[in-house]
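The basis for the numbers below is simple: all heavy atoms, side chains too, and nothing from hydrogens, waters or symmetry mates.
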Amino acid sequence: MPSPDFAVRLATADDVDTVLRVLSDGYGRPFTREWFDWKHLECPWGASRCWIADDEGGPLGVVFGMPWPFRDASAPADAQEVAAWRLVDGATTVRAQRRGVFKAVVHAELQAAGVGHGTGLVFATATPEAQAAHVKNGAVALEPIRYFYRPVPWVPARLETSMELVDSWLPPSTGLATRWGSGALRWRLDARSGHEYRISRLASATAPHGVVHRTVGGRLRTLVVVGVWGDADAVARTVRAVAWQAKAPV
C-alpha cells in the first residue's frame with residue numbers, strides 16, 4: 001500500500017535484530033533470536049514472511065505471515081490443501097500512531113498471499129482490540145472462541161507423562177484441519193516457545209488418548225489444557241489426574 005512518508009518491504013536477515021526490538025517494545029517483553037529461529041524459520045510448513053514498515057527515522061511496524069495450510073480432514077491424504085497464512089506477532093512503534101502503518105503491513109501480506117493462490121486464506125486469532133483493527137481494514141470476524149475457568153475435581157490415577165506420547169496423536173476425522181503430525185506438534189511444543197508443555201495419558205488405559213497441558217500461577221495454580229485427542233472418557237480422567245498431581249484447583 002503506497003504511502004507518502006514510509007515504505008513497506010520484506011524484512012531480510014539483516015533486519016532481524018530491528019524486528020525483535022520492535023516486537024519487544026510493542027509487547028513490553030523480550031523477544032530473542034532463539035525464539036525467532038524456532039517460530040519463524042523452523043515452522044514445519046515453511047519460513048514466515050516478515051513485513052517491515054520504515055521511514056528515514058527507522059522502523060515503524062512489523063507483522064509476520066506464517067504458513068498455516070488447511071485440509072479437509074475427511075478427504076484422502078493426498079487431497080489438495082487450502083493455502084493459508086496466519087497473521088502473528090505484529091507491532092508498531094510510537095512514531096507509527098495514526099499513520100496507517102498496521103494497515104499497510106497487513107495489506108502487504110494479503111497481497112503476497114493472493115499471488116498464485118486463488119483460494120488462499122489469511123487469518124488471525126486476535127484480542128478484541130486487534131480484531132477491531134482487522135475488521136476496520138476489511139476482515140470478517142467469526143464467532144469468538146470461548147474459554148473459561150472452572151473447578152477441576154481431583155481423581156488420583158497413575159499417569160504416563162512423556163513428550164514421546166506425541167507419536168500417538170490422532171488427527172481429527174472431520175472438519176477443516178491444520179496439517180498436524182507428530183513432527184509439527186513437537187515443533188509447536190518446543191521449550192523455545194517460552195512455555196513448558198507436558199503430555200500425559202492414563203498408564204492403565206488401552207484406548208489411545210493424550211492430554212497436552214501446562215500449569216501456571218502461584219498460590220492459585222491453574223491447569224491449562226492445550227489440546228487433547230482420543231477416547232473422551234480417558235481424556236477426562238487424565239485431566240483430573242493431572243490436576244491432582246499439579247495440585248491445581250482450576
Side-chain angles (χ1 to χ4, degrees), residues 1-68 83-115 117 120-142 144-145 147 187-188 190-196 214 216 224:
M1 177 176 294
S3 172
D5 61 352
F6 67 87
V8 177
R9 59 182 175 82
L10 272 174
T12 69
D14 294 334
D15 294 310
V16 174
D17 289 340
T18 297
V19 169
L20 293 175
R21 186 169 65 252
V22 172
L23 291 175
S24 297
D25 291 344
Y27 284 88
R29 57 183 175 86
F31 284 76
T32 66
R33 180 67 72 108
E34 184 182 42
W35 167 87
F36 175 86
D37 290 346
W38 160 72
K39 186 169 185 178
H40 292 299
L41 296 184
E42 300 174 16
C43 173
W45 305 302
S48 301
R49 285 186 290 251
C50 177
W51 298 96
I52 182 169
D54 49 20
D55 61 10
E56 294 181 353
L60 296 170
V62 301
V63 76
F64 286 85
M66 174 183 285
W68 202 272
W85 289 265
R86 184 171 180 171
L87 285 175
V88 293
D89 301 324
T92 57
T93 67
V94 174
R95 294 193 308 111
Q97 291 184 1
R98 301 185 182 280
R99 294 173 64 181
V101 170
F102 182 69
K103 182 177 182 178
V105 290
V106 169
H107 184 74
E109 174 59 22
L110 292 174
Q111 285 189 311
V115 175
H117 299 282
L121 173 69
V122 176
F123 72 101
T125 51
T127 63
E129 295 79 8
Q131 177 185 327
H134 286 307
V135 170
K136 183 178 178 181
N137 292 333
V140 176
L142 305 180
I145 300 172
Y147 64 93
W187 164 79
R188 176 63 183 84
D190 192 292
R192 289 175 293 173
S193 66
H195 299 297
E196 182 182 356
R214 60 188 177 95
V216 300
V224 181

S.K.: Can you measure from CD (E129) to OG1 (T127) and round to the nearest 0.5 angstrom?
M.R.: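 One finds 4.5 Å between CD of E129 and OG1 of T127.
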
S.K.: Checking F64 against K39 for the side chain to side chain contact (heavy atoms under 4.5 Å, CB included) test, could you report, in this order, the C-alpha distance in whole Å, the side-chain angles of both residues, the deciding distance, and whether it holds?
M.R.: CA-CA 11 Å; F64 286 85; K39 186 169 185 178; over 6 Å; no

S.K.: What class does the angle between the rings of W35 and F31 fall in, given that below 30° is parallel, 30 to 60° is tilted and above 60° is perpendicular?
M.R.: perpendicular

S.K.: Quick one: closest heavy-atom pair of L10 and D15, and the distance?
M.R.: O-OD2, 4.5 Å

S.K.: For F102, which residues count as a ring-ring contact (aromatic ring centres under 6.0 Å, His included) partner, sequence neighbours excluded?
M.R.: H134

S.K.: Taking it one step at a time, do R86 and T125 satisfy side chain to side chain donor-acceptor pair (under 3.5 Å)?
M.R.: CA-CA 8 Å; R86 184 171 180 171; T125 51; 3.0 Å; yes

S.K.: Looking just at side-chain N and O atoms, do S193 and D190 make a donor-acceptor pair shorter than 3.5 Å?
M.R.: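 No, D190 and S193 have no side-chain donor paired with an acceptor closer than 3.5 Å.
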
S.K.: Applying salt bridge (Lys or Arg N to Asp or Glu O under 4.0 Å), run through D54 and R9 and close with a yes or a no.
M.R.: CA-CA 8 Å; D54 49 20; R9 59 182 175 82; 2.9 Å; yes

S.K.: Looking at every non-hydrogen atom in both residues, tell me the closest pair between C43 and P67 and how far apart they are.
M.R.: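 Looks like SG-O, 3.9 Å.
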
S.K.: State, with a plain yes or no, whether a side-chain heavy atom of V62 is found less than 4.5 Å away from one of L23.
M.R.: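 A side-chain contact exists here, since the closest heavy-atom pair is under 4.5 Å.
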
S.K.: Take R21 and D25 through the test side chain to side chain contact (heavy atoms under 4.5 Å, CB included) and record every step on the way to the result.
M.R.: CA-CA 6 Å; R21 186 169 65 252; D25 291 344; 3.9 Å; yes

S.K.: Tell me the closest heavy-atom pair linking V122 and A113, and the distance in Å.
M.R.: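 Scanning both residues completely, I find the closest heavy atoms to be CG2-CB, 3.4 Å.
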
S.K.: Please identify each residue that fulfils salt bridge (Lys or Arg N to Asp or Glu O under 4.0 Å) with R95, with sequence neighbours left out.
M.R.: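 Applying salt bridge (Lys or Arg N to Asp or Glu O under 4.0 Å) to R95 gives D55.
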
S.K.: As an exercise, state the distance from CH2 of W51 to CG of L87, rounded to the nearest 0.5 Å.
M.R.: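 One finds 11.5 Å between CH2 of W51 and CG of L87.
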
S.K.: What residues, two or more places apart in sequence or in another chain, satisfy side-chain hydrogen bond (donor to acceptor under 3.5 Å, both in side chains) together with R214?
M.R.: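 So R214 forms a side-chain hydrogen bond (donor to acceptor under 3.5 Å, both in side chains) with H195.
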
S.K.: Please step through side chain to side chain contact (heavy atoms under 4.5 Å, CB included) for the pair V8 and H107, ending with a clear verdict.
M.R.: CA-CA 10 Å; V8 177; H107 184 74; over 6 Å; no

S.K.: Ignoring hydrogens and geometry, is there a side-chain-to-backbone donor-acceptor pair from S48 to C50 under 3.5 Å?
M.R.: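 A pair under 3.5 Å: no.
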
S.K.: Of all heavy-atom pairs between P59 and T18, which one has the smallest distance, and what is that distance?
M.R.: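 Nearest heavy atoms, P59 then T18: CG-CG2, 3.6 Å.
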
S.K.: So, does Y27 use its side chain to make a donor-acceptor pair with the main chain of G90 at under 3.5 Å?
M.R.: yes

S.K.: Which pair of non-hydrogen atoms, one from V101 and one from A53, has the smallest distance, and what is that distance?
M.R.: CG1-CB, 3.8 Å

S.K.: In chain order, what residues pass the salt bridge (Lys or Arg N to Asp or Glu O under 4.0 Å) check against R33, with sequence neighbours excluded?
M.R.: D17

S.K.: Can you list the residues that meet the side-chain hydrogen bond (donor to acceptor under 3.5 Å, both in side chains) rule with E42, with sequence neighbours excluded?
M.R.: R192

S.K.: Could you work out, with ring-ring contact (aromatic ring centres under 6.0 Å, His included) as the rule, every residue matching W187, not counting sequence neighbours?
M.R.: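 W187: ring-ring contact (aromatic ring centres under 6.0 Å, His included) contacts with W38.
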
S.K.: Say you draw a straight line from CG of L60 to OG1 of T92; how long is it, rounded to the nearest 0.5 Å?
M.R.: 9.0 Å

